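This chain uses plain numbering: 1 for the first residue, then up along the sequence. Please read all numbers here as calculations on a predicted model, not as lab measurements.
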Amino acid sequence: MPVLVDIDAYDHHLFSRAPSGSAAVKASLENRAECLDIGLINNMPDAALMSTERQLFDLLGAATERLVVRLHFYTMGTTPRSEWGRDYVRRYYRGTDDLLNRSLDGVIVTGAEPRAASLTEEPYWTTFVQIIDWARENTVSSVYSCLAVHGAVLHMDGVQRHKLPAKCIGVFAQTKTRDHPLMHDVPATFRTPHARWNEVQERALESCGYSVLTRSAAAGVDCFVKQQKKSLFVYFQGHPEYDTQSLLGEYRRDMGRFLRGENEVCPTIPRGYFGTKAEEILTTFRRKALSDRCPEFIADFPVDYLARNLRNVWHRPARRIYRNWLLYMASQRATRSRPLALNGRSRTRQDADLGGQRLDRV
């Protein structure tokens, strides 16, 4: 079934993703029961705005099967952007004021490039906290990825992130640690991309009531969950949504920053991502970058050769996990809408909940 995109401007790039554009049509369903409404709160930097939209659109599309998903785009106005970025989100995104005044079945909150030493000093922190607090009461489930994970657990439970000695980047083997609806039919071991400078640690998470669902011997905790009031919060330290060349592009970007003197650390080659020959070529390139550091050298980065033999080994388990997430929300919404007999008349669980909210406000 299609992923419907709730955007007023029909020139958005997602409208051409499927043949004849049928999988990305302007959402016209008025009956909310016909589909799952999911908000994408996209905090990625300008260069990754469109690719993040595409990756999550494609992943949700692969996971829907018989379900229908309506995707809504939201942005935090406090996220630093260029003039192009501000114009782009102004055209295609709604602001957080619109988000905070409605309910959704689910939200996906992306990470952002860290700018401050402390998360609480990030320019968007106050808005980010408002979104987390809103999601606890107004979603069935909420997904957080990468830096958004670290911000959410810090705000909710005071769990601190830890700086890694080197960037964790590559495709790492994950092991399922327990049964959970999100892990149904997911292999006992599978691989997921990671790209981050920080981590939250398993012992601290479990001491605060989080359930770790997958971990990696090399990359630590990946997926974990915790019920937060009405919403199941789902966290991915990795990036199951990444497409085949995402890590290649990120590594090339980091190498360019090093060669231009914007970063003093020469990036390490992503682990478990390239074949043997490609790693040998990159090792030679990296040695030359360290010995003869100049911006012009990035033109010799062998991106075409490296991209030729990449394999996406994480898409199938990622699709299964997101499929389980969609099924969980559909099941929970159906359960909450089941009729209840109150004072001799039938009301749905949602009506009862809303009624309670109205009484609380009177």
Do you see a donor-acceptor pair shorter than 3.5 Å between the side chains of [X] and [Y]?
X	Y	result
D11	Y92	yes
T52	T110	no
Q55	H239	no
T78	T127	yes
Q237	H150	yes
H155	D133	yes
S145	E241	no

Are [X] and [Y] connected in the hydrophobic side-chain network, where two residues link if heavy atoms are under 4.5 Å apart?
X	Y	value
M44	V143	no
L147	F224	yes
W197	L164	no
Y322	V186	yes
V149	V221	yes

*Under 6.0 Å from the CG atom of D179, do we count more than 12 heavy atoms belonging to anything else shown?*
no

*asked:* Is it the case that the ring center of Y210 lies less than 6.0 angstrom away from the ring center of Y235?
replied: yes

*Are Y328 and W325 near enough that their ring centres are under 6.0 Å apart?*
no

*Given the rule in the salt bridge (charged side-chain N to carboxylate O under 4.0 Å, His left out) test, do E83 and R86 qualify, once you have shown the distances and angles that lead to the verdict?*
CA-CA 5 Å; E83 183 178 348; R86 290 191 296 272; 5.3 Å; no

*Are V129 and T120 close enough, and set up right, to give a side-chain contact (heavy atoms from CB on, under 4.5 Å), and what steps lead you there?*
CA-CA 10 Å; V129 165; T120 59; over 6 Å; no

Interatomic distance, [X] atom [atom1] to [Y] atom [atom2] [nearest 0.5 angstrom]:
X	Y	atom1	atom2	result
F190	S216	CZ	OG	10.0 Å
N138	L104	CG	CG	8.5 Å
L119	Y124	CG	OH	6.5 Å
L4	I38	CG	CD1	11.0 Å
T79	E113	OG1	CD	12.0 Å
S118	Q160	OG	CD	7.5 Å

Under the 3.5 angstrom rule, does the side chain of [X] hit a backbone N or O of [Y] as a donor-acceptor pair?
X	Y	answer
R293	F258	yes
D37	D105	no
T192	P240	no
T189	T175	no
S291	R287	yes
T96	L99	no
R215	E202	no
T177	L213	yes
R286	C266	yes
D222	G238	yes

Close side-chain approach of [X] and [Y], heavy atoms under 4.5 Å:
X	Y	answer
F73	I7	yes
T139	W134	yes
Q228	D157	yes
D254	K167	yes
R178	S211	yes
L205	K226	no
L282	E279	no
T214	M183	yes

*Can you say whether the rings of Y144 and F128 are parallel (under 30°), tilted (30 to 60°) or perpendicular (over 60°)?*
perpendicular

*Parallel, tilted or perpendicular for F285 and F301, by the 30°/60° rule?*
perpendicular

